[in-house]
Amino acid sequence: MVRTLFLLSWLCVSLGCHRGHTETVEFELDNGLYVILKPLPTATINALVVLYDIGNLHDPKGQCGMAHLAEHLYVTAATDATPARSVQQYVQAYPDGWNAQTGDDYTVFATMFRPGDQDRELDDAVSRMKQLTVTEADLRRELPRMQQELENMYERIPALAVRNLGRERLSPLPDGGRRGGDIQQLQTVTVEQAQAWLDNHYKPNNAVLVLAGAIDVEAARETIEQKFGAVPPGKTPAATTAGHSDDNERNVEIQARAHQPDERARVGLTFAGPNPDDELYPAFLVHVARMQMSGRQLVDDLKDFPVAYMPVDQPRFLFVSLPVGTDETAQDVATKLREFVDQKTGMPLTRMDPRGTKMAVGILLGLGNVRERELARHPYGAAFSLGRRHQMGIDPAALNQAIDEVTDQQLRRAQREFFAQINSVEVLVRPR
């Protein structure tokens with residue numbers, strides 16, 4: 001699902017309205033395409049991000065994973081200007097980076113390139129939005145890759161499996177669906193069905209296009225209007241709603257094939273948080289920030305991230321997990337994690353909490369104060385966060401103020417509503 005060189009660089013990006021920043025330009029074409037242009041004059045790499053309002057929650061019944069399959073086909077199938085390509089060929093074409101991933105309510109396609117290649121990238125983007133040609137060879141090529149990704153997500157990489165299994169148990173999809181897909185259902189999808197799904201939905205009225213980097217805003221606007229304005233709109237797919245499990249069984253344990261021979265068992269807790277428009281969202285962020293800032297104290301391995309919260313990727317879930325040590329039991333680890341969460345969420349409000357929250361979890365939400373030259377070093381993070389904030393309806397200025405106004409009462413309410421044991425799932429993944 002996530003294949004990008006820039007996951008860590010996202011943590012270094014902020015897009016607020018700060019003094020000295022060049023103006024961000026936003027406009028909408030007649031066909032519904034929403035465009036955001038972010039000039040970063042000192043950037044040496046530009047980023048083009050196309051976000052569709054389509055994700056796991058839009059999978060048709062009986063075709064669980066259709067959005068994920070469309071993500072694969074979108075970057076590899078032939079257009080009227082380019083032949084079909086493998087993912088290896090795609091990666092080689094973008095040495096400066098790329099990303100394609102499917103979330104619950106979005107799919108993102110992103111490329112990084114030299115400023116002089118901007119017209120070429122816009123041409124390719126409009127070709128893919130206009131018309132893709134799906135063949136049997138495309139399905140034969142992509143389905144095995146999807147099966148491997150799903151195995152990694154739910155089994156072979158414990159750090160991912162505890163998150164994905166916890167999320168599925170805590171917030172199940174309708175009709176027994178699973179985020180990322182069911183490989184058995186995907187293997188029944190025909191070329192005609194895949195073609196129709198792309199033809200109908202991956203169109204400008206369901207998309208946000210963001211261009212960030214060393215760009216001439218007026219020239220870029222004119223080019224985008226010319227190239228994309230003639231693409232006809234499509235249909236908006238029906239969305240389902242993820243539920244909240246009423247199952248009293250809040251523990252999941254699996255034995256999984258390990259990706260690495262020395263992989264350790266891992267215990268994870270998954271919590272369901274509020275939507276960004278919830279009045280308790282700022283208080284929830286304060287709790288998350290406290291855990292993120294203290295989580296590294298739980299591990300010796302600096303490559304391990306025990307607290308994971310992705311405010312624009314998966315804004316409704318918080319994941320806390322640890323490997324099981326040689327002298328520990330899984331229950332020991334689960335107890336340690338519960339105590340950690342209870343301690344951090346049970347603390348009274350301090351005057352440092354608003355600032356700490358903006359530093360820890362507000363980076364992609366536009367709450368920080370990063371100089372423009374820093375943004376220019378990470379144009380993909382800049383573009384992705386701008387697009388996702390638009391899709392999520394987040395107003396950084398209003399959220400910034402709401403965090404400053406969080407009260408002790410709101411913190412206590414957020415603790416009860418989002419961090420109680422009944423609102424979490426505990427997962428143990430044991431490699432075999």
Side-chain angles (χ1 to χ4, degrees), residues 2 7 10-11 56 103-105 153 158-172 179 242-245 250-252 266-299 304-323 333-347 353 356-365 367 388 392 394 399 402-403 406 410-429:
V2 178
L7 286 172
W10 293 356
L11 302 178
N56 298 310
D104 273 3
D105 59 355
M153 286 174 61
L160 292 179
V162 293
R163 298 180 194 176
N164 290 311
L165 291 167
R167 182 180 55 175
E168 295 305 299
R169 174 62 65 89
L170 191 61
S171 182
R179 291 168 176 87
H244 185 83
S245 176
R250 293 290 179 175
N251 292 61
V252 179
R266 195 171 184 97
V267 175
L269 303 180
T270 300
F271 298 89
N275 289 317
D277 59 355
D278 191 292
E279 64 171 331
L280 291 180
Y281 181 61
F284 173 78
L285 292 180
V286 172
H287 288 311
V288 170
R290 290 172 172 178
M291 283 183 264
Q292 283 195 328
M293 295 170 69
S294 303
R296 303 307 293 276
Q297 301 171 6
L298 297 173
V299 293
D304 200 332
F305 294 88
V307 180
Y309 178 66
M310 292 151 279
V312 292
D313 292 68
Q314 299 180 45
R316 291 203 57 239
F317 299 97
L318 171 71
F319 308 100
V320 186
S321 68
L322 286 172
V333 177
T335 300
K336 183 192 299 185
L337 292 174
R338 293 278 181 197
E339 291 176 346
F340 171 75
V341 172
D342 290 344
Q343 178 193 11
K344 296 303 174 184
T345 59
M347 297 166 55
D353 277 325
T357 301
K358 295 170 190 178
M359 291 176 60
V361 299
I363 298 173
L364 292 177
L365 298 176
L367 307 179
R388 281 295 289 150
M392 295 163 64
I394 289 178
L399 181 57
I403 290 172
V406 167
Q410 289 174 324
L411 286 181
R412 289 192 294 271
R413 285 179 57 201
Q415 182 192 31
R416 291 193 301 270
E417 292 191 26
F418 307 122
F419 296 100
Q421 188 163 344
I422 193 61
N423 196 47
S424 67
V425 166
E426 178 182 318
V427 178
L428 168 62
V429 176

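Residue numbers run from 1 in the order of the sequence given.
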_Is any side-chain heavy atom of Arg167 closer than 4.5 Å to one of Asn164?_
yes
*How about Met392: does its CE atom have over 12 heavy atoms from other parts shown lying under 6.0 Å from it?*
yes
*Atom CD in Glu417, atom CG in Asn423: separation rounded to 0.5 Å?*
9.0 Å
*Which residues share a ring-ring contact (aromatic ring centres under 6.0 Å, His included) with Phe271, sequence neighbours left out*: Phe419
_Greater than 12 external heavy atoms within 6.0 Å of Met310's CE_ = yes
_Can you give me the closest heavy-atom contact between Tyr281 and Pro276, atom names plus distance?_
CD2-O, 3.5 Å
*Inter-residue atom distance Phe340.CZ - Thr345.OG1, 0.5 Å rounding*: 10.0 Å
*Note, Leu285 side chain near Leu365 side chain (heavy atom, < 4.5 Å)*: yes
*Mind jotting down which residue pairs meet the salt bridge (Lys or Arg N to Asp or Glu O under 4.0 Å) criterion with at least one end in residues 266-280? Sequence neighbours excluded, please.*
Arg266-Asp304, Glu279-Arg413
*Provide the closest heavy-atom pair for Ala360 versus Ala289 in the form atom of the first, atom of the second, distance.*
CB-CB, 3.8 Å
*Could you give the distance from CG (Asp313) to CG (Asp104), rounded to the nearest 0.5 Å?*
11.0 Å
*Can you tell me how far CZ of Arg416 sits from CZ of Arg412, rounded to the nearest 0.5 angstrom?*
7.5 Å
*Only one of Leu337, Val267, Val162 forms a side-chain contact (heavy atoms from CB on, under 4.5 Å) with Val320, so which one is it?*
Leu337
_What's the separation between atom CD in Gln415 and atom CE in Met347, rounded to the nearest 0.5 Å?_
11.5 Å
_Restricting to non-hydrogen atoms, name the atom on Pro311 and the atom on Leu364 that form the minimum distance, rounded to 0.1 Å._
CG-CB, 4.4 Å
*Would you indicate whether the side-chain heavy atoms of Asp105 and Arg388 approach each other to under 4.5 Å?*
yes
*Determine the minimum heavy-atom distance between Arg179 and Ala242, stating which atoms define it.*
NH2-CB, 3.6 Å
*Measure from the side-chain N and O atoms of Arg316 to the backbone N and O of Gly273, and report whether any donor-acceptor pair falls under 3.5 Å.*
yes
*Keeping the roles fixed (side chain from Tyr309, backbone from Pro315), state whether a donor-acceptor pair exists under 3.5 Å.*
yes
*Which heavy-atom pair separates Pro274 from Phe284 by the least distance, and what is that distance?*
CD-CG, 3.4 Å
*Assess the side chains of Arg163 and Gln314: does a donor N or O sit below 3.5 Å from an acceptor N or O?*
no
_For Thr270 and Arg169, which I'm curious about, is there any donor-acceptor pair between the side chains at under 3.5 Å?_
no
*Indicate yes or no: at least one non-hydrogen side-chain atom of Val307 is less than 4.5 angstrom from one of Leu318.*
yes
*Partners of Arg290 by salt bridge (charged side-chain N to carboxylate O under 4.0 Å, His left out), sequence neighbours excluded?*
Asp353
*Got a second to check how far Lys344's NZ is from Gln292's CD, nearest 0.5 Å?*
13.0 Å
*asked:* Less than 4.5 Å apart, side chain to side chain, heavy atoms only: is that true for Arg338 and Glu426?
replied: yes
*asked:* Could you tell me if the side chain of Leu399 sits less than 4.5 Å from the side chain of Pro282, heavy atoms only?
replied: yes
_Minimum heavy-atom distance between Gly295 and Pro306, given as atom pair plus value_ = O-CG, 3.0 Å
